[in-house]
Amino acid sequence: MSVPGGIGGPTAHGAERFADAFGRKLGGGALGSVPVVLGLLVIWLTFQILNPHFLSPRNLSNLSVDIVGTGMIAVGVIFVLLIGEIDLSVGSVSGLASALFAVLSVNYGMPEPPAIVLAALCGTAVGFVHGFFTAVVGVPAFVVTLAGLLGWYGLMLAIMGAYGTINLDDQGLVAQLTNFYFSNVAAAYALAALGTAAYFLTAWRDVTRRRAAGVPFRSPAEIFLRTGLLAVIAFAAAYVLNQFQGLPLALLIFLVVLVILDYVLRRTAYGRMIFALGGGVEAARRAGVNVAWVRISAFMMSSTMAAIGGLFLASRINSVSQTSVSTDLLMNAIAAAVIGGTSLFGGRGSTWSALLGVLVIQSIASGVALMDIQTAVQFMITGGVLLLAVVVDTLSRRAQWGTRPGLVFRRDHSH
Amino acid sequence: MARPSAPPLLALSGVFKRFGAVEALRDVELEIHAGEVIALVGDNGAGKSTLVKVIAGVEPADLGTLEWRGRPVHIGRPHDAQHLGIATVYQDLSLCDNLDVVGNLFLGREITRIGVLDEVEMERRTRDLLATLSIRIPDVRRPVAALSGGQRQTVAISRALLGEPRLVMLDEPTAALGIEQTAQVLDLVERLRERGLGVLLISHNLGDVKAVADYVAVLRLGRNNGFFDVTTTSQEQIVSSITGASDNAVTRRATREGEL
């Protein structure tokens, strides 16, 4: 009385099977970061051919610091995208936080550490407001955060008041965020070794536990291959960074944040709830997830990371001005998340897409700047890449649905 | 088939439920025994979904007695029903498309070790559960969006079984499923009965009802309108109970076509 379960029978042709497997991977998001990594390689090779300075240690090292501000903001945006919402206010919030920090520390003489904490908490509070109106009042996030984009920008201008530009203490903590380098070559290599070892040990422990529990596990060969790949990338990056000034503190902080938040998303019940909201709000609610609270927390995460990103951006230019909120900061942060592979439709993505996406965007910006062409071209290229990323996102979503024809009609039955 | 003499798993009597001016349930009674599949049938608006919601605690009854294994109980909210051991699988699948089978089964009741998800243990229990129910899912780590409708429905039902309930209510589990997928779900319903669970199956499809149910309870306009042993009752009898007359559109049509 059992019924065959699978979709394709053994009679399927090889090509169909391949297409099926490919579609499944696309659908499962298993292709994940492959397209964007390939895209990044193409971009790097193209610019390197056009300008031999592009892949120089100096340029790559600068790139690794330039990505951090926007990257931090993008990481926060990913939380909101994962629950299927959008946050348009991150640019204004990052400006607001850096303005608050500058006024407190420079104009009011507050020591930097509490000023940094206050600036970050200001972001958290802003996120709570967005989350409250979205999750409790029920206003679409698009509108709430659009109001935020305008409102928080206004508040930032009000805080800056008469000061057109505030220069930060160039020996201060915030200034050091992007100016400090671990010049000892051992630092970068140690980080590479530590990261690789941690990855290997985690993977190996997982295999051991899975084997003991009798559930499928990755083959050791696959783990060695993955670890080897990671080691090559990590040590190559360390080598390049050491050719210039060493390991940048900003990059170290960014990587640590990515690892921690990735862990939160993938390995904690809270992270599972975030993904659940993106995959079916009603299902999550029935499973006992506190939907309103998770939504609010995602917005708080987004605005807090925007505030922290704002501090890194201020650090990069060592000042805060009324023009700190550049129009393309918001777009770059969201574009970075999407280009890196986080779905605009919610429920699919990872913190690592912030790193990959912002690398793509900054590489284009850096390459265009090196070649001394107008920023007009930069916008057009970035726009094209973003469109491409969304097309991949949409197609993979369609592939997912295509394997299940019944789904489209699923919500249409009357009770 | 003689009904067991042990006290029923769940016995309802004199259940009334009113929504504003509409009397959705009037003096309804129903008994469900362990190891029995009771089909609840009725036309649209007959009160099937309302009755399920009463039992599930989503919309508690205005009046009436509920007895759980011989003792009177009050079900005022979903938690009460779950606590007694009543699981409900609603018509629209309650799964998160992007999560894999393991993630969906344990959503809201994840197993953690020192605050960290214990994926290995959850996957092991998932495999055990699916194996005992003879459910075949190629890869429990695939997002459920990639599964067929029947597989998704079996996952939704297994999810309800994780809490080890004694009574499972299935609201239109085969709606929108193809023939083969329907068979998968009906197989699973039979396995629930073999495991000694009580099953309340809401269905529009009399074919499904004939295939797996032991008894059919008919609701019409919010009232009981018949309780039949499936093996000794013809489909026409059930249809006339549902529509309220032996002369109705369905039988007239059948006579015209000379098939029944």
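Residue numbering restarts at 1 for every chain, and letters A, B, ... go by the order of the sequence lines.
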When every non-hydrogen atom of Val215(A) is compared with those of Val120(B), the smallest separation belongs to CG2-CG1, 4.2 Å

The interface call for Phe217(A) against chain B, heavy-atom contacts under 4.5 Å, is neither

Hey, is CZ on Arg166(B) packed in by over 12 heavy atoms from elsewhere, all under 6.0 Å? no

In terms of heavy-atom pairs under 4.5 Å with chain B, the winner among Gly346(A), Pro216(A), Gly271(A) is Pro216(A)

The interface call for Arg113(B) against chain A, heavy-atom contacts under 4.5 Å, is side chain

The interface call for Glu110(B) against chain A, heavy-atom contacts under 4.5 Å, is side chain

### Message
Pair Arg210(A), Arg124(B) - check side-chain contact (heavy atoms from CB on, under 4.5 Å), show working.
### Response
CA-CA 9 Å; Arg210(A) 284 176 165 274; Arg124(B) 193 185 63 76; over 6 Å; no

Could you walk me through whether Glu119(B) and Asp206(A) pass the side-chain contact (heavy atoms from CB on, under 4.5 Å) check? CA-CA 9 Å; Glu119(B) 294 285 358; Asp206(A) 191 51; 5.9 Å; no

Note: Ala287(A) and Leu107(B) closest approach over all heavy atoms is CB-O, 3.6 Å

Nearest heavy-atom approach of Asn98(B) to Gly279(A) is OD1-CA, 2.9 Å

Under 3.5 Å: donor-acceptor pair, side chain of Asp97(B), backbone of Gly280(A): no

Query raised in the report: Hey, does Phe106(B) have a side-chain heavy atom less than 4.5 Å from the side chain of Arg272(A)?
Result: no

Honestly, the part of Arg266(A) sitting under 4.5 Å from a heavy atom of chain B is backbone

When every non-hydrogen atom of Cys96(B) is compared with those of Ala284(A), the smallest separation belongs to SG-N, 4.3 Å

The reported gap from CD in Glu282(A) to CG in Leu95(B) (rounded to nearest 0.5 angstrom) is 12.5 Å

OH (Tyr270(A)) and CG (Leu117(B)) are apart, to the nearest 0.5 Å, by 13.5 Å

Honestly, the part of Arg109(B) sitting under 4.5 Å from a heavy atom of chain A is neither

